[in-house]
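Okay, so here's the structure we're looking at.
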Amino acid sequence: MFRYALRRAVTQRPWDFKSAPALFQSQPWPRFHRRAHDLRRDVPMIDEDASLTGNGTIYALSSGSGRAGIAVIRVSGPGCLDVYRGLCPAKAPPKPRYAGVRTLFEPGSVDASGADMVDSDALVLYFPSPKTVTGEDVLELHVHGGSATVKAVLSAIRKCSSSREIRYAEPGEFTKRAFLNGRLDLAQVESLGDTLAAETEHQRRAAVRGNSGILGKTYDGWREQLLLARGEIEALIDFSEDQHFDESPAELLTNVTKLVKGMLHSIQLHKLGSQRSELLRNGIRIALLGPPNAGKSSLMNQIVGREASIVSAEAGTTRDIVEASLDIRGYLCSFADTAGIRTKASESIRNHDGTPISTIGAVEAEGIRRARQKALDSDVIIVLASVEATNSGGHRISYDIETLQLAAGAQQCLVAVNKTDVVSSESLERLIQDFKASALAGIDGLRDAEPLVISCKAAVSPIAAGLTDAGGIHDLTEKLAQSFSNLTSLPDDMQHLLGVTERQNQLLSECERHLGDFMAEAQKTDPYDEPDVVLAAENLRLAALRLASITGRGESGDVEEVLGVIFEK
């Protein structure tokens, strides 16, 4: 009975306390009432006075600017019908959620000659609240998309008479009203921004999954669980001396600990989803590494489909990092062509004419330093070796051992051997086997690597125009796409986690820290240092506040600060 009454008091408004069970009407419980009031501050609540109708009616062009066949103008707020009557005074409003064809006029002056006509054959739709995109009355005007027509309609809307203000919407205000009226949570708002900004197929898929509402419901569910657990712990704090509890304090903390353990595991999965979704949103970073004159610039130009890097027979032409972005199989990628890395441990590297490369100068040394740093910052490394002629008239595979070691430490790496067109297939097979045995076998992470055989020269040769994969570049691209999938894929039942954003990830990390502090306090076994239930309850409160900040549903100090930034996107 007591626990039931506590939970009722927690979920009731403080001023509705008399509606709680008779237990509280018959006995004075000032401490309990104060505790219930404190807890109630963290319960999501939509205030009747929080409606945005007092902010008037807003309107804006919802479709893209510029010349188009159709332009969509959206109006939201209590004055939607006033706007309609101002533009279409001679016609009754269309049936809700049914389209009607109307002629739009300048408000207040309908000329039979049509001189005051703003647009003809406009499509008008009216959506009454609350089941609309913003939770308010919504009017949509589908007008002809010429810029002059759009300007005329927007100007006419502003002139419509209404008992409330009619004004042009601020950036993101439609979405903000949807959030404040309970149509979207903050996680869905962020995903909506990602949907509008998506440029590749996988960016679109991740954004759509985040917009499903599953994440917001999950975080709200965790928060409610923490609220109930905290309610029981704080009831134990206040009334353990006066009331009989079915569970001992130790048992109560044990049950809450089980709940928190499961939540911590789920948070780890969500953080994993955030890491993978960030790769989709921001792009997968790819570094091309290898010794000078291995063909890195040629390979980059082949992949990106344009001359992004300077290609020359002279070794060491790339001294700085050249970057280019493109879409590969629906993945946003950022390629970086780096300076050729050569060290004292490298094999002797020569120009095409056999002359040795000069010693490393200051500029080349800086380029090599930047290449190493770019490799450390990349998600995927393509390390390039090449078939080169020897002084004795034979051929060998030229490579840099440090480059191979850097590639082995990357999340995903590919090893490619260029200039394979200069030797026969039998000789190439022998060279590849020697390369695997002498170089790759001695490096952890590359022992099982199978080098890709490519030829940038063959890929651009006119003779190879009729071949499906001249030079092996397409095969290399397919292997790249597979590595992207390995970096970003999740099981089918976890696909919605790709909607977790970096902001959510940071708040989840803070929530995880507070839950970890709770576990450290609740699991104390020293008889001389018993768990502090007050401190344990406070850690649960702080963790719940971080979850509230994710969805924006509860009172949290930083919610207002992030709203403006998120909605304007």
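Given the structure is predicted, the values throughout are model-derived calculations rather than measurements. Start at 1 with the first residue, then count along the sequence.
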Any sub-3.5 Å donor-acceptor pair from [X]'s side-chain atoms to [Y]'s backbone N or O?
| X | Y | result |
| --- | --- | --- |
| Thr57 | Gly79 | yes |
| Arg447 | Ala441 | yes |
| Ser549 | Leu545 | yes |
| Thr132 | Pro128 | no |
| Gln203 | Leu280 | yes |
| Asn181 | Arg183 | no |

note = CD (Glu136) and SG (Cys80) are apart, to the nearest 0.5 Å, by 8.0 Å
key: Straight-line distance of Thr477 OG1 to Arg329 CZ, nearest 0.5 Å   = 6.0 Å
Test salt bridge (charged side-chain N to carboxylate O under 4.0 Å, His left out) applied to Arg205 - qualifying residues, sequence neighbours left out = Glu201
key: side-chain hydrogen bond (donor to acceptor under 3.5 Å, both in side chains) evaluation trace for Thr200 with Asp327   = CA-CA 7 Å; Thr200 67; Asp327 181 344; 5.1 Å; no
task = Would you mind listing every ring pair (Phe, Tyr, Trp, His ring centres under 6.0 Å) that reaches into residues 188-214, with sequence neighbours excluded?
result = His202-Tyr331
ask   = Taking only residues at least two apart or on different chains, which pairs with a member in residues 209-232 satisfy ring pair (Phe, Tyr, Trp, His ring centres under 6.0 Å)?
value = Tyr219-Trp222, Tyr219-His270, Trp222-His270
key: Residues, nucleotides or ligands: over 12 heavy atoms within 6.0 Å of Lys524 NZ   = yes
Using the test side-chain contact (heavy atoms from CB on, under 4.5 Å), find all partners of [X] that sit at least two apart in sequence or belong to another chain.
| X | value |
| --- | --- |
| Glu538 | Arg541, Leu542 |
| Ala169 | Ile58, Ala60, Glu173, Phe174 |
| Glu450 | Lys436 |

key: NZ/NE/NH1/NH2 to OD/OE distance under 4.0 Å, Arg285 and Asp377   = no
